[in-house]
**Q** 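This is the structure, below, for whatever I ask next.
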Amino acid sequence: MVSTQKTVMIIEDEPDAAELFAEMMRVNGFRVIKMFSSAPAIPMISQEKPDLILLDIMMPDISGLEVLRYMRREPDLADIPVIVVSAKSMPGDIKTGLEAGASMYLTKPVGFRDLKEAAEKVLAEHKK
């Protein structure tokens, strides 16, 4: 039997935040892959081709924006929906994230319902 479970990759350098998001997504039935830095996440995205990515912007190595721009340039990865989840909440930050290719931009702290609704929305839009 083929699994219909969707995979979400969480790219977040703060372990507590990553685990919180992971738990929220597991409760919603997702298979979760956690990555704590951007550089190893890039080949992992290509390998796993997750259904959805939750991406932090402020990372210790490569900015989440660079990961997003890279994905949007790669034909195999360009269609994967990405929800940016960042503490950067200024209108300019949000605009930059969306211009870089984010499907949606959420600011921390993110509640369970907001994350669930965002994931459902971008996945529904992605199917079209």
**Q** For the pair Asp51 (side chain) and Thr7 (backbone), establish whether a donor and an acceptor sit closer than 3.5 Å, ignoring hydrogens and angles.
**A** yes
**Q** Do you know which two heavy atoms are closest between Ser37 and Pro40, and how far apart they sit?
**A**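 Looking at all heavy atoms of both residues, the closest pair is OG-CD, 3.0 Å.
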**Q** For Arg31, enumerate each residue passing the salt bridge (charged side-chain N to carboxylate O under 4.0 Å, His left out) test, keeping only those at least two apart in sequence or located in another chain.
**A**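 Residues passing salt bridge (charged side-chain N to carboxylate O under 4.0 Å, His left out) with Arg31: Glu48.
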**Q** side-chain contact (heavy atoms from CB on, under 4.5 Å) with Phe21: which of Ile83, Val8, Val32, Ile10?
**A** Ile10
**Q** Looking at Asp61 and Ala39, would you say the former's side chain and the latter's main chain have a donor-acceptor pair under 3.5 Å?
**A**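 The answer is yes, because a donor-acceptor pair under 3.5 Å joins these two groups.
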**Q** Check whether any side-chain heavy atom of Ile11 sits under 4.5 Å from a side-chain heavy atom of Ile45, and report yes or no.
**A** yes
**Q** Using salt bridge (charged side-chain N to carboxylate O under 4.0 Å, His left out) as the criterion, list what pairs up with Glu23, not counting sequence neighbours.
**A**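 Salt bridge (charged side-chain N to carboxylate O under 4.0 Å, His left out) list for Glu23, sorted by chain: Arg26.
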**Q** Please enumerate all residues that pass salt bridge (charged side-chain N to carboxylate O under 4.0 Å, His left out) together with Glu14, with sequence neighbours excluded.
**A**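 Listed in chain order: nothing, the list is empty.
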**Q** Just jot down the side-chain contact (heavy atoms from CB on, under 4.5 Å) partners of Ser86, sequence neighbours excluded, or say none.
**A**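 So Ser86 forms a side-chain contact (heavy atoms from CB on, under 4.5 Å) with Asp56, Ile57, Val84, Lys88, Tyr105.
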**Q** Nearest 0.5 angstrom please: Met44 CE to Ser38 OG, how far?
**A**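 If we round to the nearest 0.5 Å, Met44:CE and Ser38:OG are 13.5 Å apart.
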**Q** Say whether Leu65 and Met9 are linked into one hydrophobic cluster, either directly or through other cluster members, by side-chain heavy-atom distances under 4.5 angstrom.
**A**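 Yes.
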**Q** Under 3.5 Å, which donor-acceptor pairs link side chains of residues 110-124 to any protein atom two or more places apart or in another chain?
**A**
| from | atom 1 | to | atom 2 | distance (Å) |
| --- | --- | --- | --- | --- |
| Lys116 | NZ | Glu120 | OE2 | 2.7 |
| Lys121 | NZ | Glu125 | OE2 | 3.1 |

**Q** What residue among Leu52, Leu68, Leu54 forms side-chain contact (heavy atoms from CB on, under 4.5 Å) with Val82?
**A** Leu68
**Q** Between Ala22 and Lys34, what is the shortest heavy-atom contact and its length?
**A**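 Of all heavy-atom pairs spanning Ala22 and Lys34, the closest is CB-CD, 3.9 Å.
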**Q** Find out if a path of hydrophobic residues (ILVMFWY) with successive side-chain heavy-atom gaps under 4.5 Å connects Leu55 to Leu106.
**A**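 No, because Leu55 and Leu106 fall into different hydrophobic clusters, even though each may have its own neighbours under 4.5 Å.
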**Q** Linking I/L/V/M/F/W/Y whenever their side-chain heavy atoms sit closer than 4.5 Å, directly or via other members, would Ile80 and Met35 fall into one cluster?
**A** yes
**Q** Which pair of heavy atoms, one from Pro81 and one from Ser103, lies closest together, and at what distance?
**A** CA-OG, 3.3 Å
**Q** Hydrophobic cluster membership, with links at side-chain heavy-atom distances under 4.5 Å among I/L/V/M/F/W/Y: are Phe36 and Ile62 in one?
**A**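 In one cluster: no.
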**Q** May I ask you to decide if Met59's main-chain N or O and Asp13's side chain share a donor-acceptor pair within less than 3.5 Å?
**A** no
**Q** Which pairs would a plain distance check flag for residues 94-101, meaning a side-chain donor or acceptor within less than 3.5 Å of a matching protein atom at least two apart in sequence or in another chain?
**A**
| from | atom 1 | to | atom 2 | distance (Å) |
| --- | --- | --- | --- | --- |
| Lys95 | NZ | Glu99 | OE2 | 2.8 |
| Thr96 | OG1 | Gly92 | O | 2.8 |

**Q** Rounded at 0.5 Å granularity, tell me how far CG in Asn28 sits from NZ in Lys6.
**A**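 So the gap between those two atoms works out to 13.0 Å.
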